[in-house]
Number of protein chains: 2
Amino acid sequence: MNFDLRHIRYFCAVAEQLHFGRAAEKLHIAQPAVSRAISQLEQEIGVRLLDRNNRKVALTVAGRVFLESCYDIQESLQKSVMRARKAEDGKLGQLVVGYTDFAIMGSLPKILKEFRQQHPDILLAPIHSVTSTQIEHLESGKIDVGFVTGPLMIPDFHCKTVQEDRFVVVLYRNHPLAKQKTINLAQLRDEPFILGNLNDWKYYHDHLYRVCRSAGFTMNVVQQAYNSDAIFGLIACEMGVTIHSSCAGDYLREGLVIREIANLNETILTQAIWKENSASQVTKVFAEFLDTWKL
Amino acid sequence: MNFDLRHIRYFCAVAEQLHFGRAAEKLHIAQPAVSRAISQLEQEIGVRLLDRNNRKVALTVAGRVFLESCYDIQESLQKSVMRARKAEDGKLGQLVVGYTDFAIMGSLPKILKEFRQQHPDILLAPIHSVTSTQIEHLESGKIDVGFVTGPLMIPDFHCKTVQEDRFVVVLYRNHPLAKQKTINLAQLRDEPFILGNLNDWKYYHDHLYRVCRSAGFTMNVVQQAYNSDAIFGLIACEMGVTIHSSCAGDYLREGLVIREIANLNETILTQAIWKENSASQVTKVFAEFLDTWKL
DNA sequence: GTTCATTTATGCGAATTAAGTATTGATGCG
DNA sequence: CGCATCAATACTTAATTCGCATAAATGAAC
């Protein structure tokens with residue numbers, strides 16, 4: 001294949017005009033150049049593309065077939081250039097997003113949906129993992145953006161709070177405290193607590209620990225569960241209670257109830273977090289997008 | 001887009017080698033030519049494709065994206081040339097095939113299946129119509145090949161017999177003659193006949209007329225039906241009998257029986273037929289294929 | 001820190017390729 | 001049969017691409 005795009009351009013012009021002279025005019029060149037290009041192309045392919053004499057020009061069967069291909073190729077080339085430019089701008093590519101239980105129960109679906117609409121050429125790859133793991137993966141580059149449970153402040157990382165939830169008590173329906181509309185933290189002093197795995201949920205537990213300490217007690221943890229669903233499952237067994245995020249409200253299983261905590265200003269933040277330096281262009285586009293996001 | 005395939009070729013080479021010198025060697029040109037082509041390409045697209053200094057060459061994100069496109073384009077170009085060549089040779093295109101009831105009940109399915117396997121790039125467009133209509137459509141170019149009921153000899157047309165059937169009597173099960181194993185034609189002298197529309201089935205009727213005449217009688221036609229299924233339907237109503245092609249054997253409806261005709265050498269030919277001149281290349285390929293077809 | 005080896009980029013003349021001008025030659029129409 | 005039209009060809013000119021020589025940059029080694 002020793003022809004190039006010029007030949008294809010010229011061929012398309014002639015095929016459209018069915019006239020070498022007019023095609024040349026459209027191409028802003030002289031007619032002989034067109035004649036030569038067409039014969040070169042035909043020679044190269046080894047097939048006559050245009051049935052022509054000095055009075056008439058018509059596409060051959062092969063010419064019609066090749067013409068279609070020519071349009072395809074030109075279109076595909078144009079797209080390729082666009083894609084390269086988009087990739088440069090971070091508007092095309094892949095974004096690996098880490099997320100916690102709280103994030104996926106809360107604002108993340110809306111955020112990702114909106115982002116996908118604005119940037120259809122960016123493939124989102126969401127990965128569930130807890131805050132501490134996400135931070136490791138951000139460091140190692142395994143994920144581009146994390147949605148973690150804060151409050152959090154890590155050097156060299158950018159943060160954006162995307163969700164603010166209240167602490168709430170989750171009880172089984174028969175629990176005595178379920179009769180109250182709101183619960184004072186101190187009332188939970190002697191309750192058996194079911195929490196997420198103390199290693200995995202470290203950031204949330206530290207926060208919760210401080211909250212309970214300031215209410216004058218330490219949680220009596222009787223079970224550690226794998227995730228929110230497991231916690232709720234164990235509570236449904238009436239094995240204990242938990243303090244969870246208010247974002248669980250929509251996802252609570254049958255038999256469980258949520259009660260607000262009285263006189264507690266402390267909130268749970270879910271934050272988007274990404275490496276300040278060494279962020280891919282796609283990450284930067286996502287960061288920009290988050291900038292415009294209203295809590 | 002003021003670049004051509006040369007730039008794409010060079011870019012692919014560099015992307016593969018990640019080394020301008022070695023790429024140049026592979027391309028059998030000097031290194032500066034490669035350098036220049038790459039910068040031209042980058043300038044044209046407006047995006048840096050290769051992160052390079054005097055020690056290292058690496059694809060940028062945009063470069064990776066564009067490289068994929070380059071492979072696609074080159075492949076697509078190669079295919080386009082192949083398709084044009086195939087089209088020239090008649091190995092790609094469309095073939096409109098007319099066929100009769102007898103053809104589709106007989107050898108046509110096998111023929112078309114085999115042809116499709118040998119020529120997957122030829123789109124077959126089968127159209128049902130009777131012999132006389134097919135001949136009109138062949139004249140006007142509406143169909144490329146007809147499968148008609150012969151025997152037939154038309155000037156300027158090529159013929160190839162693809163199927164030879166016996167005349168058989170089709171009766172309803174309760175018919176007195178159904179008790180016989182074979183039937184003499186003369187026994188049908190006074191039977192009410194159900195045949196296809198006399199205009200549409202002209203060629204078959206003429207043939208059948210001659211056959212009955214030589215048996216010493218003229219058919220008493222009481223009903224004309226639209227197609228074979230309709231004929232059989234009316235026979236199932238016990239409105240009459242018919243003489244049909246033995247190819248109907250596999251398709252006969254419940255309640256009907258077939259009886260061979262004694263002492264009849266006459267056969268029904270199904271023939272492929274196409275215009276000798278002005279045949280498209282695809283038609284010629286089909287004709288060649290038929291040449292190798294064993295009856 | 002300096003030198004060296006390696007490799008991409010650039011300047012310039014040569015070679016190749018494409019385009020332009022003028023003309024030929026073929027073809028259909030009046 | 002001549003004329004008008006239009007693609008093809010010959011030859012010249014312009015543009016592009018290439019190769020060689022070399023500069024400039026960079027990392028490694030001493």
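The sequence lines fix the lettering, A, B, ..., with proteins before strands; numbering per chain opens at 1.
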**Report entry** Side chain to side chain, A:F147 and A:Q271, heavy atoms closer than 4.5 Å
**Finding:** no
Query - Whole-Å distance separating the CD atom of B:E44 from the C1' atom of D:dT16 - result: 14 Å
Query raised in the report: When the ring planes of A:W201 and A:H205 are compared, do they come out parallel, tilted or perpendicular, using 30° and 60° as the limits?
Result: parallel
Query raised in the report: Does A:N54 get its side chain close enough to the base of C:dT27, under 3.5 Å, for a donor-acceptor pair?
Result: no
Report task. With heavy atoms under 4.0 Å as the rule, sort A:V57 into base, sugar-phosphate or nothing. Result -> sugar-phosphate
Query raised in the report: Between C:dT8, D:dT17, D:dC18, which one does the side chain of B:Q40 approach most closely?
Result: D:dT17
Query raised in the report: Which nucleotide in the list C:dT21, D:dC18, C:dA19 gets nearest to the side chain of A:A33?
Result: C:dA19
Requested in this report: Using distance alone, with no hydrogens and no angle criterion, decide if B:Q43 and B:S39 have a side-chain donor and acceptor under 3.5 Å apart.
Outcome: no
Report task. Let me know the distance between NE2 of A:H28 and P of D:dA14, rounded to the nearest Å. Result -> 21 Å
Report task. Return the value, rounded to whole Å, for the distance between atom CG of B:N53 and atom P of D:dA24. Result -> 17 Å
Query - Between P of C:dA9 and CG of B:L41, the distance in whole Å - result: 13 Å
**Report entry** Between D:dA15 (P) and B:N2 (CG): distance, integer Å
**Finding:** 14 Å
Query raised in the report: Rounded to the nearest Å, what distance is computed from the CG atom of residue B:D51 to the P atom of nucleotide D:dA25?
Result: 17 Å
Query - Euclidean distance, atom CD1 of residue A:I29 to atom P of D:dA8 [Å, nearest integer] - result: 13 Å
Requested in this report: Decide yes or no, distance alone: a donor-acceptor N/O pair under 3.5 angstrom between the base of C:dA19 and the side-chain of A:R36.
Outcome: yes
Report task. For the pair B:H158 and B:W274, name the ring-plane relationship: parallel under 30°, tilted 30 to 60°, perpendicular over 60°. Result -> parallel
Report summary line: Of the candidates D:dT17, D:dC20, C:dA19, the side chain of B:P32 sits closest to D:dC20
Query raised in the report: Mapping A:Y10 and A:Q31 onto DNA chain C by nearest heavy atom, which one lands closer to the 5' end?
Result: A:Y10
Query raised in the report: Is any side-chain nitrogen or oxygen of B:R52 closer than 4.0 Å to OP1 or OP2 of C:dA9?
Result: yes
**Report entry** Separation of atom CG in A:L18 from atom P in D:dT5, rounded to whole Å
**Finding:** 19 Å
Query raised in the report: So what does B:R55 hit on the nucleic acid, given a heavy-atom distance under 4.0 Å: a base, only sugar-phosphate, or nothing?
Result: base
Report task. Could you please name the option among C:dA18, D:dT9, C:dG11 that lies closest to any side-chain atom of A:R6? Result -> C:dA18
Requested in this report: Could you tell me how the ring of A:H119 sits relative to the ring of A:F115: parallel (under 30°), tilted (30 to 60°) or perpendicular (over 60°)?
Outcome: tilted
